[in-house]
Amino acid sequence: MLAQALRSVVPTAEELRADRQYIIDGTLLPCWSWAAVPGLWSGKHRTTGVVVQVAATLEGQLSWISDPTPGSRHDLYCLDQSGALDHLATYPPIGDKGYIGRGMNTPFKKPPGRELLDWQKTFNKSLNHTRATIERVIAHIKTWKVLHTDYRRPYATFKTTISAVIGLIFYTLT
């Protein structure tokens with residue numbers, strides 16, 4: 001009931017403003033390893049859980065959290081599924097190297113067998129300094145215990161619980 005009551009305060013991807021620039025990153029919300037639920041294992045994090053994408057303004061204001069996706073999926077897949085990039089063409093969002101190829105502002109990857117040029121290193125340093133904002137936003141979200149410890153209740157209640165907590169997070173921001 002709480003998730004339903006708070007649904008109206010949770011912004012959707014369509015509500016992200018095209019005239020703003022956002023920083024986007026994904027994070028894993030850990031859960032218990034349910035044998036009957038495939039796809040929860042995240043090789044990157046070496047645990048089970050679901051992935052959510054988080055968008056924040058350059059000033060550090062939380063703007064959007066996606067629906068959960070199984071933890072085995074890459075951040076880029078989750079972002080594509082959310083449809084958030086469809087509304088952000090004017091000011092491409094900032095992301096990490098995992099989002100290369102989607103028109104976002106991302107750091108340069110080091111070419112095989114070569115070093116980055118000095119201006120690329122300077123650009124990466126500046127961009128990563130800006131990206132630190134989303135890391136702080138995610139850290140703030142994960143102060144909610146249910147979002148940073150293994151969720152052990154039945155899996156059928158996991159998405160509803162996540163939705164309720166996300167609703168409470170946005171409710172406290174209003």
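These numbers come from the heavy atoms of this one structure, side chains and all, not from hydrogens, waters or symmetry mates.
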_Restricting to non-hydrogen atoms, name the atom on G167 and the atom on V10 that form the minimum distance, rounded to 0.1 Å._
CA-CG2, 3.4 Å
*What pairs meet the salt bridge (charged side-chain N to carboxylate O under 4.0 Å, His left out) rule with one or both residues in residues 137-148, with sequence neighbours excluded?*
none
*Under 6.0 Å from the NZ atom of K121, do we count more than 12 heavy atoms belonging to anything else shown?*
yes
*What's the spacing between I100 CD1 and N105 CG if we round to 0.5 Å?*
11.5 Å
*Closest approach of S63 to P11 (non-hydrogen atoms, all atoms of both residues)*: O-CG, 3.1 Å
*CG of D67 to OG of S163: how many Å apart, nearest 0.5 Å?*
6.5 Å
_Heavy-atom closest pair, residues F158 and P30_ = CZ-O, 4.2 Å
*Flag the pair L168 / L6 as yes when at least one side-chain heavy-atom distance between them is below 4.5 Å, and no otherwise.*
yes
_Run the side-chain hydrogen bond (donor to acceptor under 3.5 Å, both in side chains) test against T130 and tell me which residues pass, sequence neighbours left out._
none
*For residues G95 and P107, report the shortest heavy-atom separation together with the two atoms involved.*
O-CD, 3.4 Å
*Considering only heavy atoms from C-beta outward, does the side chain of V50 approach that of L28 to under 4.5 Å?*
no
_Heavy-atom pair with the smallest gap, counting every atom of L76 and R102_ = CD1-CG, 3.2 Å
*Identify the residue among V52, V51, I24, D80 that makes a side-chain contact (heavy atoms from CB on, under 4.5 Å) with D75.*
V51
*Does anything in residues 52-84 pair up under ring pair (Phe, Tyr, Trp, His ring centres under 6.0 Å), and if so which pairs, sequence neighbours excluded?*
none
_Just so I know, are the side chains of L116 and K109 near enough to count as touching, which here means a heavy-atom distance under 4.5 Å?_
no
*Can you tell me if S66 uses its side chain to pair, donor with acceptor, with the backbone of Q53 under 3.5 Å?*
yes
*Let me see the working for K97 and T106 under side chain to side chain contact (heavy atoms under 4.5 Å, CB included), right down to the final yes or no.*
CA-CA 6 Å; K97 291 178 188 172; T106 59; 5.8 Å; no
*Mind checking whether Y91 and Y22 sit in one hydrophobic cluster, side chains of I, L, V, M, F, W, Y counted as touching below 4.5 Å?*
no
*Report the distance from atom CD1 of I138 to atom CG of L29, rounding to the nearest 0.5 Å.*
9.5 Å
*Can you get from L127 to L117 by hopping between Ile, Leu, Val, Met, Phe, Trp and Tyr side chains that sit under 4.5 Å apart?*
yes
_Return the CD1 to NZ distance between I166 and K159, rounded to the nearest 0.5 Å._
10.0 Å
*Can you pull the salt bridge (charged side-chain N to carboxylate O under 4.0 Å, His left out) pairs that have at least one residue in residues 24-33, sequence neighbours excluded?*
D25-R131
*Are the side chains of D86 and E14 in touch, meaning some heavy atoms are under 4.5 Å apart?*
no
*Name all residues meeting the side-chain hydrogen bond (donor to acceptor under 3.5 Å, both in side chains) criterion together with Q61; count only those two or more places apart in sequence or in a different chain, and write none if there are none.*
none
_Under the ring pair (Phe, Tyr, Trp, His ring centres under 6.0 Å) test, residues paired with F108 that sit two or more places apart_ = W119, F123
*Please round to the nearest 0.5 Å and tell me the distance separating atom CG of L16 and atom CD of Q21.*
12.5 Å
*Ignoring hydrogens and geometry, is there a side-chain-to-backbone donor-acceptor pair from T161 to T157 under 3.5 Å?*
yes
_Smallest separation among heavy atoms of I141 and I65, with atom names_ = CD1-CD1, 3.9 Å
*Considering only heavy atoms from C-beta outward, does the side chain of L58 approach that of R20 to under 4.5 Å?*
no
*Heavy-atom side-chain contact between I23 and P93 under 4.5 Å*: no
*Hey, could you give me the CG/CE distance between L79 and M104, rounded to the nearest 0.5 Å?*
6.0 Å
